[in-house]
2 protein chains.
Amino acid sequence: MKNALTFLQDHGIQPTAQRVAIAEAVLDNTTHPTAEEILVDAQKRCAIVSRATVYNALKLFVEKGMLRTQIIREGTVVYDPNTQNHHHFIDEESGTIIDIPWDWLKVQGKQNLEEYDIHEYQVILRGRKKR
Amino acid sequence: MKNALTFLQDHGIQPTAQRVAIAEAVLDNTTHPTAEEILVDAQKRCAIVSRATVYNALKLFVEKGMLRTQIIREGTVVYDPNTQNHHHFIDEESGTIIDIPWDWLKVQGKQNLEEYDIHEYQVILRGRKKR
DNA sequence: CACGAAATTAGAATTAATCTAAATCTTGAC
DNA sequence: GTCAAGATTTAGATTAATTCTAATTTCGTG
Ligand SMILES: [Mn+2]
Ligand SMILES: [Mn+2]
Ligand SMILES: [Zn+2]
Ligand SMILES: [Zn+2]
């Protein structure tokens with residue numbers, strides 16, 4: 001369980017009440033929430049937080065490397081507190097996005113991509129989670 | 001070079017002038033165009049085509065298996081006439097999306113995903129194309 | 001030709017995200 | 001302690017992708 005206040009300070013971010021509430025809403029959240037979902041959660045943490053502030057703060061958190069965005073859902077960006085390399089499984093029934101540990105999968109054949117300078121990659125899997 | 005008229009008929013789609021223009025705009029287009037880009041292209045092919053018809057037709061083409069959508073660009077869906085399994089490389093400078101042949105890469109370790117029923121997957125690579 | 005179904009359309013509506021410009025905090029220099 | 005400069009927050013306007021609506025046009029068939 002990450003301490004939001006410490007986490008903000010460690011990333012050189014001025015910790016305001018709003019930013020702490022937003023950080024708490026997203027840092028331990030493994031569901032890959034949208035900005036709107038983070039807004040709703042942050043507002044429950046008894047702070048006065050506007051939509052604009054949530055967008056501003058999330059953009060800042062991404063710039064500072066606290067979070068990443070993932071382009072994985074149609075129509076909306078999702079935020080990911082897992083900044084390590086990892087893959088994603090998307091449940092086609094529910095839309096749930098699940099982290100897959102980096103070392104569960106091995107991608108071979110990248111020597112075929114000599115003309116490409118690869119900065120990062122991931123496997124995106126779609127299907128149904130059993131049971 | 002695919003014949004748009006024949007292609008529509010083969011997929012059981014009534015070939016109207018608008019649909020032919022839209023199909024011509026997208027079928028040989030390897031750039032992963034957006035609906036808006038397809039609209040502009042289709043309108044050049046001297047047909048009267050509205051934005052609503054482009055969205056209607058693209059949705060139909062996807063339902064009929066002529067095209068796929070890819071969730072790969074922020075803020076907008078892109079259309080892909082390549083319906084075979086393949087991977088994608090995204091040039092971070094230009095935003096260009098490039099098809100990577102399926103057999104260039106091998107994903108190993110899927111036995112770690114026994115709890116998941118995988119319907120499809122792809123590798124998404126980001127970086128810079130050299131030269 | 002006539003008629004019902006299919007297709008097309010302009011524009012309204014919806015939604016995610018960004019922008020604007022004013023109000024409110026912080027902070028550090030004095 | 002005071003206060004200006006800069007940082008932060010905000011409501012509401014704006015933009016952009018997409019969908020919806022309801023009216024019009026076109027098509028296929030008898
Ligand atoms: Mn979500
Ligand atoms: Mn494009
Ligand atoms: Zn993730
Ligand atoms: Zn493709």
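What you see is a predicted model, and the numbers here were worked out from it, not measured in a lab. Just so it is clear: chains get the letters A, B, ... in the order the sequence lines come, proteins before strands, and each one is counted from 1.
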Are more than 12 heavy atoms from other residues, nucleotides or ligands located less than 6.0 Å from atom CG of Leu5(A)? yes
Can you list every salt bridge (Lys or Arg N to Asp or Glu O under 4.0 Å) pair that touches residues 80-94 of chain A, not counting sequence neighbours? Glu93(A)-Arg128(A)
Contact state string [nucleotides 2-12 of chain C, B base, S sugar-phosphate only, - no protein heavy atom under 4.0 Å]: -----SBBB--
Would you say Tyr55(A) reaches dA17(C)'s phosphate, i.e. side-chain N/O to OP1/OP2 under 4.0 Å? yes
Does a salt bridge link Lys130(A) with Glu115(B), judged by any charged N lying under 4.0 Å from a carboxylate O? no
Just how far, in rounded Å, is C1' of dA16(C) from CZ of Arg73(A)? 11 Å
Taking everything shown except Ile48(A) itself, do over 12 heavy atoms lie less than 6.0 Å from its CD1? no
Below 4.0 Å from chain B heavy atoms, what is the first contacting nucleotide of DNA chain D and what is the last? dA17(D) to dG28(D)
Could Glu36(A) and Arg51(A) be called an ion pair, given the rule that one side-chain N must be under 4.0 Å from one carboxylate O? yes
Leu58(B) and its side-chain contact (heavy atoms from CB on, under 4.5 Å) partner, picked from Val77(B), Thr34(B), Ile22(B): Ile22(B)
Rounded to the nearest Å, what distance is computed from the NZ atom of residue Lys59(A) to the C1' atom of nucleotide dA17(C)? 11 Å
Is it true that Gln122(B) and Gln70(B) share a donor-acceptor pair across their side chains at a distance under 3.5 Å? yes
Could you tell me whether His87(A) and Trp104(A) have their ring centroids closer than 6.0 angstrom? no
